[in-house]
Amino acid sequence: MAQKVKFHASQEILDAYPHPYPSVKNLPKWFRNLPPSIDSHPANGSVKRCIPFLEACNQGYIIPFFCDVLVRADDEKIDFEFSEKDLCSGMSPHSQDQIEGHPFSDYKYGKVPLKWHNPWVIETPTGYSCYFVSPFNRMENRFKLFDGVVDTDNYYNNINFPFLWTVGKGEYLIQKGTPMVQVIPFKRDTFQNEVSLIEERKRNETENKLRTFFNNKYRRLFWHKMEKSK
């Protein structure tokens, strides 16, 4: 039986803001416009045929920006203007001390950690948490989220999303509905790793099967189609 992920908000927010939705319902525009083949040869496919790429895009849910955001960046500061100022405050700063020495420190605004405010309270079944990450393969280059995991089966509260602004000075419009974060529910479990000698015959068997097709090899031979999120 499919597990249920619940997104809760006040009636005013439910009426006015775009709702979270399954990631599979909004693939990146650049990806949708990409032809499946590079040329006429059946072996020369684009990434549109790549199941691992597509499956990453399809995982979990997208929380979109709830309104337009105008960002003005200059040599002194970054200014964020939200079209909606009443139902949900849009963002707040973090202390630089919390991420001292991180790899983006030398970026133009790498010492200005911020966080998007999230109007939704997320609830998962007992034993399930959520992974919060920059939307996979959307190639958003204006900001980068700090990834996080929250036990959403018992933390009944809004979860905000720390980020860094990653482009230089200028004026940028983030439109309402732009993907903000990808939410991937998962069941908490314990794993043990093992390092061992490779099974050459097993790998060769896989390689030999792959050689029998021009394209869609993984899809045809090894992929198990999952029921998509609803």
Side-chain angles (χ1 to χ4, degrees), residues 1-5 20-63 99 101-104 122 124-141 144-155 159 161-162 166 179 181-230:
M1 183 177 66
Q3 300 292 339
K4 182 173 289 188
V5 180
Y21 57 84
S23 298
V24 69
K25 292 188 176 181
N26 185 12
L27 295 173
K29 183 177 180 180
W30 72 266
F31 179 80
R32 287 186 274 116
N33 292 338
L34 192 69
S37 298
I38 297 172
D39 55 36
S40 60
H41 195 284
N44 296 335
S46 72
V47 75
K48 201 164 192 175
R49 289 182 181 173
C50 180
I51 290 295
F53 182 100
L54 185 60
E55 286 287 78
C57 293
N58 289 345
Q59 295 303 304
Y61 302 86
I62 294 293
I63 294 179
I99 56 169
H102 70 86
F104 286 162
I122 302 163
T124 50
T126 300
Y128 286 79
S129 299
C130 283
Y131 176 36
F132 299 93
V133 63
S134 294
F136 289 143
N137 294 326
R138 264 70 180 181
M139 309 300 183
E140 173 62 65
N141 63 359
K144 175 67 178 74
L145 297 183
F146 291 89
D147 306 330
V149 172
V150 177
D151 293 349
T152 42
D153 55 347
N154 57 40
Y155 185 74
I159 301 162
F161 309 121
T166 52
V181 62
Q182 191 162 351
V183 183
I184 304 174
F186 66 94
K187 186 176 182 179
R188 295 191 297 272
D189 210 339
T190 301
F191 292 86
Q192 293 181 337
N193 74 304
E194 177 182 315
V195 178
S196 61
L197 189 66
I198 192 168
E199 298 179 43
E200 290 289 355
R201 181 175 178 178
K202 188 174 182 179
R203 184 175 66 174
N204 289 339
E205 180 184 352
T206 299
E207 289 283 355
N208 290 333
K209 287 180 179 178
L210 291 170
R211 292 189 184 103
T212 62
F213 293 100
F214 276 123
N215 55 46
N216 297 327
K217 304 172 183 182
Y218 172 73
R219 179 199 293 263
R220 291 171 170 177
L221 296 169
F222 303 106
W223 178 49
H224 295 88
K225 187 175 182 179
M226 296 185 296
E227 184 177 350
K228 302 305 181 186
S229 300
K230 298 178 180 180

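Computed from a prediction, not measured in an experiment: that's the story for all the values here.
Of all the heavy atoms in Asn215 and Arg49, the pair that sits closest is CB-NH1, 3.2 Å. Met139 and Trp30 get closest at one heavy-atom pair: CG-NE1, 3.9 Å. Ile198 and Arg203 make their closest contact through CD1-NH1, 3.5 Å (heavy atoms, listed as atom of the first residue, atom of the second, distance).
In this structure, Phe132 and Gln182 have side chains that are not in contact, with every pair of non-hydrogen atoms separated by 4.5 Å or more. Using a 4.5 Å heavy-atom threshold, the side chains of Ile62 and Arg138 count as touching. Looking at heavy atoms from C-beta onward, Cys130 lies in side-chain contact with Ile122 at the 4.5 angstrom threshold. The closest side-chain heavy-atom distance from Ile159 to Thr152 is below 4.5 Å. Counting heavy atoms from C-beta on, the side chains of Val181 and Val133 never come closer than 4.5 Å. Within the 4.5 Å cutoff, the side chain of Arg32 has heavy atoms near those of the Asn26 side chain. Taking 4.5 Å as the limit, some side-chain heavy atom of Thr206 sits within range of a side-chain heavy atom of Phe222. Put simply, the side chain of Gln3 does not reach to within 4.5 Å of the side chain of Pro185, judged on heavy atoms.
A donor-acceptor contact closer than 3.5 angstrom links the side chains of Asn208 and Arg211. Side-chain N/O atoms of Asp153 and Thr124 include no donor and acceptor closer than 3.5 Å.
One finds the CZ atom of Phe186 at 4.5 Å from the OG atom of Ser129 (value rounded to the nearest 0.5 Å). Atom CD of Glu200 and atom CD of Glu207 lie 10.0 Å apart (nearest 0.5 Å). Between the CG atom in Leu34 and the OG atom in Ser46 there is a gap of 4.0 Å [rounded to 0.5 Å]. Atom CD of Gln59 sits about 10.0 Å away from atom CG of Leu54, to the nearest 0.5 Å. Separation of atoms CD1 (Ile184) and CG (Asn58) is listed at 10.5 Å; rounding is to 0.5 Å. Remark: Arg188 CZ to Thr126 OG1 distance equals 8.5 Å, nearest 0.5 Å.
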Review point. Which is it for Phe146 and Phe161 under the side-chain contact (heavy atoms from CB on, under 4.5 Å) test, yes or no, and what are the steps along the way?
Key: CA-CA 7 Å; Phe146 291 89; Phe161 309 121; over 6 Å; no
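By the 6.0 Å contact criterion, CZ on Arg201 is open, its count of non-hydrogen atoms from other residues, nucleotides or ligands being 12 or less.
Remark: Tyr155 engages no residue in a ring-ring contact (aromatic ring centres under 6.0 Å, His included) (not counting sequence neighbours). Under the rule for a ring-ring contact (aromatic ring centres under 6.0 Å, His included), Tyr21 has no partner lying at least two apart in sequence or in another chain.
Between the Lys144 side chain and the Ser134 main chain, no donor and acceptor come within less than 3.5 Å of each other. The backbone N or O of Ile51 sits nowhere less than 3.5 Å from a side-chain atom of Arg219 that would complete a donor-acceptor pair. In this structure, the side chain of Asn137 engages the main chain of Phe53 through a donor-acceptor pair within 3.5 Å.
Using cut-offs of 30° and 60° on the angle between ring planes, the pair Phe214 and His41 is perpendicular. Between Phe136 and Tyr131, the ring-plane angle classifies as tilted under the 30° and 60° cut-offs.
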